[in-house]
Amino acid sequence: MKTLLIHAKHFEYEAREKALDAAESIDGNRSGSFENALVVFVTVEKGDGSSQDVVEEAAADVLDVFRRVGASRVVVYPYAHLSDDLADPEEAKRVLSQLAERISSAGVPVSRAPFGWYKRFSVECYGHPLSELSRTIKPGRRVRPGYADFAVMFPDGRIVGIEELRAEELPEDFVALLEAEVFKKKREGGEPKYLEYCRKFGFEWEPMSDLGHMRYGPEATIMLDAVAEYAWQCARSLGIPVYKVRGTNTFNLSFKPVAQHAQLFGDRLYQMEVDEKKLILRYAACHQQFAMVKDWEISYRDLPFGAFEVADSYRLEQPGELLLCFRLRKFYMPDLHVFCKDLAEAMEVSFRIHSKIYEEIRKLGRDYVSIYNLTRSFLEQHRDYLKRLVEMEGKPVLLHFVPEGKYYWVINVEYNIIDELGRPREIGTFQIDVGNAERFGITYVDENNTRRYPVIIHTAIIGSLERYVFAVLDTAAKKARAGEVPSLPLWLSPVQVRVIPHSSEYLKLADSIADKLEEQGIRVDVDDREESLAKRIRDAEVKWIPYVVVVGKREAESGKLTVRVRGQGQYEMSLEELVGRLVSELKGYPRVSAALPRYVSARPRYSP
RNA sequence: GCCCCGGUAGCUCAGUUGGAAGAGCGCCGCUCUGGUAAGGCGGAGGUCCCGGGUUCAAUCCCCGGCCGGGGCUCCA
């Protein structure tokens, strides 16, 4: 069977004259006219009627496309001209009827144009990518093409094909992942809340740059600084020596390794020509770190070690793909490369990375569902390794098989959160790279004085800085959706404590409290504006400030502070108690020097 | 890159069936000294995204472009 699927804004036909003696009767079905229809032009070929397979598969495909494009009905239109191996008319009529019935039994409205007539028709195609598709369906071919590249691995080591999955043994988030990545289910849409939160904290597009470049206002910059520092902290916590380095974002294509590595990225590469030199912007920290480490003299005793940089990275994403704080043309990648003796050592190290990546997302109160991209041969050879990774996750993972030899890595794990709107979003990732050491000429000397190429792990433990912020803001959005007060973790809050003097008389007292908090490395400001207390409290809440301290006559007399804690309530405590609480809440997280100027009364307004 | 929706004050948006442009917030001034989510009064502020077309007349209609949001294609 051959089919041609057109998603038509408008479709109409009218039977004119018989083409065959075996033509169907057209009583009441001489013509039809439809809006927003999926028109299925069908040619039935010899043998299609011999088993149910063909009809089943064709119907499943039509239904799949129907759901994805959001058409309101299906029109089955017999059309002999897609093949020269036509079934005889009786077989064709039977198969066409079965196809229509099969689609109809899924609850989808179906119309069928008559078989065996010359028909006038006109079709207005929407023109989106899915609006024109053609298929060839042969008897006996069962697995749907899109599914063959996927399987699911369970913690007990079982590997199950997509069609054999039982929904009841799959966690909800995993189903969301399957729907997006494998079934390609169409989504409802709606503007996500995190975009509003981005504006609130000053994460915005920069209109005067290229598309996909962001700017970061004062609050956003404090947050980004904190995330960058935290990413470094995570890299160091793996128990492997890690060297922080820094480099350039611009590389010259005339160097072979640069050109080869660039080729892997294809047309998403940012390029420019300067002084007749072809230059590229790096798409991750790989270029710089490999170019540097190739000049290092490395002994097996030094391995494994890591190199780390928060690298400004550039990818020429397509305009329609860009998404604030998520898919960007310029972003910051806290990229760690771990150089290992061999694949076995890399796999050992990857367990630590795997567990760290999970630990970090869970600290945000979230969880991942993962995709393991790998070749089938890697699966065959390292099934125990994979089983252990999945055991550590304690839930199923999606295996995605890629062609042998196409990529520089043998396994590439993508860790996805399921966002506020049910979409998988990749945040963390690691890859085991067996190709780039040789390409860049990175070697070490082993126990036997032989030069060898190390195996390199690439990882962004907490994802790009922007994506980590996305995860944080999306978590707040989920809270808000659940009716809770949305908030930031204390260590990421641009202002951690706001002190509000009840009236200007108490400004000195407010300042002295702010001084003491600042000494402890707390980000604090003072709302000294001539506004009502209620107004200033409200503004602090709008900015999600976690701790708000009001000082006035009462506090001056009692020596205690009245502290409003976001999402919790109002408490009396001493300054020491407040500091103790803050310090313990910040334990394990970085303090950065960036902070806002103290007085709220003298600040430009730049965010809602 | 494709399809749909949108672009009006610094921000969020209303509006004009084509005839001199509106609100709230913010800003400025005055007033209020206020105890936990907006005290009161007044004022300033506009290339209605850009370019072309239709029209006596375009912010509004038509065409093209730019930018944003959504859905895809992509992407790992």
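Naming convention: chains lettered A, B, ... in sequence-line order (proteins, then strands); numbering from 1 in each chain. All of these numbers come straight from a predicted model, not from anything done at the bench.
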With a 3.5 Å cut-off and heavy atoms only, can you find an N or O donor on one side and an acceptor on the other between the side chain of [X] and the base of [N]?
X: A/E321; N: B/U73; answer: yes
X: A/R327; N: B/C75; answer: yes
X: A/Q570; N: B/G35; answer: no
X: A/R536; N: B/A38; answer: no

What does [X] touch in the nucleic acid at a heavy-atom separation under 4.0 angstrom: a base, only the sugar-phosphate, or nothing?
X: A/L195; answer: sugar-phosphate
X: A/I500; answer: nothing
X: A/P192; answer: sugar-phosphate
X: A/R564; answer: base
X: A/E555; answer: base

Which one, [options], comes nearest to the side chain of [X]?
X: A/E191; options: B/G35, B/G69, B/A76; answer: B/G69
X: A/N373; options: B/A76, B/A37, B/G1; answer: B/A76
X: A/W205; options: B/G68, B/G1, B/G39; answer: B/G68
X: A/V542; options: B/G34, B/U36, B/A37; answer: B/A37
X: A/P319; options: B/A76, B/G1, B/G70; answer: B/G1
X: A/R538; options: B/A38, B/U33, B/G69; answer: B/A38
X: A/E530; options: B/A76, B/U33, B/G1; answer: B/U33

Exercise for the section: Check whether NZ of the Lys or CZ of the Arg A/R566 lies under 6.0 Å from the centre of the six-membered ring of A/Y547 and within 45 degrees of that ring's axis. Expected result: no
Check this one for me: any side-chain N or O of [X] less than 4.0 Å away from OP1 or OP2 of [N]?
X: A/R605; N: B/C27; value: yes
X: A/S532; N: B/G39; value: yes
X: A/K535; N: B/C32; value: no

Completion exercise
Only residue of A/E426, A/K395, A/E393, A/E414 satisfying side chain to side chain donor-acceptor pair (under 3.5 Å) with A/S370 is A/E393
Practice task
Could you measure between the two P atoms, the one in B/G6 and the one in B/G15, and give it in whole Å?
Solution key: 12 Å
Handout entry: B/A21 and B/U16, which share atom name P, separated by this distance in whole Å
Key = 15 Å
Practice task
May I ask you to check whether A/T475 and A/R366 show a side-chain donor-acceptor distance below 3.5 Å?
Solution key: yes
Practice task
Report yes if some heavy atom in the side chain of A/Q288 is under 4.5 Å from a heavy atom in the side chain of A/R282; otherwise report no.
Solution key: yes
Exercise for the section: Give me the ring orientation class for A/H382 and A/F378: parallel if the planes are under 30° apart, tilted from 30 to 60°, perpendicular past 60°. Expected result: tilted
